[in-house]
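Atoms within each ligand, like the ligands themselves, are counted from 1 in listed order.
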Amino acid sequence: MNAKVDRMTRIESLISEMTLSEKLGQLTMTACGYAVTGPTIAGDSTEAIKAGTIGSLLNLVGADHIRQMQDLAVAHSRLKIPLLIALDVIHGLRTIFPIPLAEAAMFDREGWERTAREAAHEAAADGIALTFAPMLDVARDPRWGRIAEGPGEDPWLASEIARAKVRGFQGAQLSDRDALAACAKHYCGYGAVTAGRDYASTDVSERTLQEVHLPAFRAALEAGVASVMPAFTDLAGIPMTANRALLRERLRGQYGFDGVIISDYNAIGELLRHGVAADLTEAATLALNAGVDIDMMSNAYRTGLPAALERGWVQIAQIDQAVHRVLTLKTRLGLFDDPYRRGSVPESVAALSERRRFARQIGARSVVMLQNVRATLPLPGSIQRLCVAGPLADAAAEMGGCWCPAARTDTHVSVLQGLRAALPEVAISHAPGVAINGDDRSQIEAALEQCERAEAIVLCLGEAASMSGEAASRSDLDLPGLQRGFAQAVFESASTHDIPVIVVLFSGRPLIVPWLFERADAVLAAWFLGTEAGNAIADLLTGAQSPSARSPVSWPRSMGQVPVFFAQRPSGRPASANDHYTSKYLDAPNEPLINFGHGLTYGQFRYSNLRVAPEAVRESDTLGIEVDLANVGSHEAEETVFLFAHDKLASVSRPLLELKGFRRIHLHPGQSGTVRLSMPASELCFPGVDLERVFEPGEVEILVGPSAERTRLLAQTIVLKT
Ligand code: NOJ
């Protein structure tokens, strides 16, 4: 307590010494670029750091460069306030882990936490102190390229990931030399952009905000996240950067967040384009009044707030409060005690190679086996000739996916490299066939000839890394370029020669490729797995590991189904083939092609004997759920068991399924086991008619099974009592 009081007094006395421009400097974050001679700062000069008018930098990597910039602040500025160095460490810095959507597929809290911890180690060794992660935007529209960066379609899953990631990045305490401050982004509703088009408008009901878009942020706050970034987008006409109701009143007032709110890149400046501010003075006023502390890249606070102060649009006390929060964060990060605590001890070679080994395991744990007809996989040990075909077969540079600007892509492992290392005795040929997104047909014939000579074909198809992530929305989610035609030709020729085709599909989102599932013998959703991609995929193809991941999103059959997600509410006219006036398409089923949670293993699991107790519960009770599983297949494997609830009768129509838990079990062939899950009954609360949280008496179905495919779930009804 005393240390805290002491800290506060020090910060207050520092603020009392600051000029207005030094205060606004603390509220300004600017980007570094690299000139031949070293880092250069966008729109400003290193002189500004010495003058104390820039307090944070983003996009700077390398311990030497970071130290050089930190020196300017610490040794040359009047008040010697250290810089806050921030970067998008989304799924690793140099050792790249799977993209967040892929990691979500692990359904593994320890795994989620550990990759963030490892990324924090690596980034902190460079001198970085804050990461713009985790991204917590629930997304149900795969056109949106940023679905790759987030947790997928489900709010409960997003909340679990939020907690694990904040713990992982921030470590035991922020002042540790290997801790990064995390930043929960993008608050809120960004995943609901109109038509999946990045940066487009959003309009989400208060109920959907509470049920879908806010829970993960609340979970991140509970886990102690140090900062939050508002979304670029507007929500029903109010840009989030200027959204006083959701930032100042809700995030700070109602949820009690006292960390730092950092604008997105140039988002304060973009208030002019949103049409809510006439100039930077108005924009800065709106953002500060809404509660934004740090202006990233708009230079709006430095240029606009002095005039806003003069006009009485903002008060100096508000600026002081924002500065206070920034200095508090810098203090918590230990920067005042030792600004060089991060970045002074390079990591050992042993630590880096151990991290790569871990990236390989995590990579394998993130691949979802979507299809495996006639047990095509794992590849038989007797195989002698394999063809690794397709434009992503030897595409090391693509393996990282979005957001890995500091990684050396030439150290990533391609599928071809991974398979050649794993199967040195096998003759492995390689035939790209077509480019990822080109129109050159000249290599197709040669590729087909190669394929014909193989005993199995590993066909690597999909998107380029740049086709998902920020500003990478797509309106057509089929394979780009000539890949579909090439794949059809491979299927055709393989079927005449009776050669199995295993498709390894790379993407930052679910693709819409029903034609491919009709022809492929096996399909692995490999997303983008990062540095160790090829080795991780080889581990699965060869059977060294069994696939265990599950899809954290539904895969549509057609674009017309979008958005398709499992937590839909019931219709008053549920689909019925016998009744015309029911909720359905004339030309397609309602169900997605692949359900949320789907994912095969090399084992085969039977579920039986669901037990839920007690059968009548109060809000303060905890439900115990047990189900028996048997591995009736011939390989050991890990099964993920999902727990869902369905409130059958309530004052508000409830989703047909709500995810409430998961647990994994590892079983050898012939082995049986019991999976035990528990769920606080309070998880069954929901925003009532008046949007206040309620626990309503009545019947609730508890469902357990391998995915959100309703017909595969075991169910038992319990009763809620007040
Ligand atoms: C814009 C993106 O929206 C955000 O997620 C990211 O953290 C910033 N740029 C900084 O790179």
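With I90, D88, D264, T131 as candidates, the residue nearest to atom 9 (N) of ligand 1 on a non-hydrogen basis is D264.
A heavy-atom distance below 4.5 Å is not found between the side chains of W112 and P134. Contact of the H213 side chain with the T202 side chain is not registered, since no non-hydrogen atoms from C-beta on lie closer than 4.5 Å. Counting only heavy atoms from C-beta outward, the side chains of F232 and E470 approach each other to under 4.5 Å.
Residue contacts with ligand 1, taken as heavy atom pairs separated by less than 4.0 Å, do not involve M29 at all. Contact annotation for H186 and ligand 1: only side-chain heavy atoms (C-beta onward) come within less than 4.0 Å of the ligand. At a heavy-atom distance under 4.0 Å, no atom of Y190 approaches ligand 1. With a 4.0 Å cut-off on non-hydrogen atoms, E149 does not touch ligand 1 at all.
Across every non-hydrogen atom of P510 and I147, the tightest pair is CD-CD1, 4.3 Å.
The shortest N or O to N or O distance between Y265 and ligand 1 is not under 3.5 Å. For the pair R146 and ligand 1, the shortest N or O to N or O distance falls below 3.5 Å.
For the pair S298 (side chain) and D295 (backbone), a donor-acceptor distance under 3.5 Å is absent.
Checking each of L214, D137, L136 against Y187 for a side chain to side chain contact (heavy atoms under 4.5 Å, CB included) leaves exactly one that passes, namely L214.
Both tests pass for R114 against the ring of F358: distance under 6.0 Å to the centre and angle within 45° of the axis.
The contact set between ligand 1 and F132, taken as ligand atoms under 4.0 Å from a residue heavy atom, comprises 7 (O). Contact atoms of ligand 1 toward K185: 4 (C), 5 (O), 6 (C), 7 (O) (distance under 4.0 Å to a heavy atom of the residue).
Remark: distances from the non-hydrogen atoms of M229 to ligand 1 include one below 4.0 Å.
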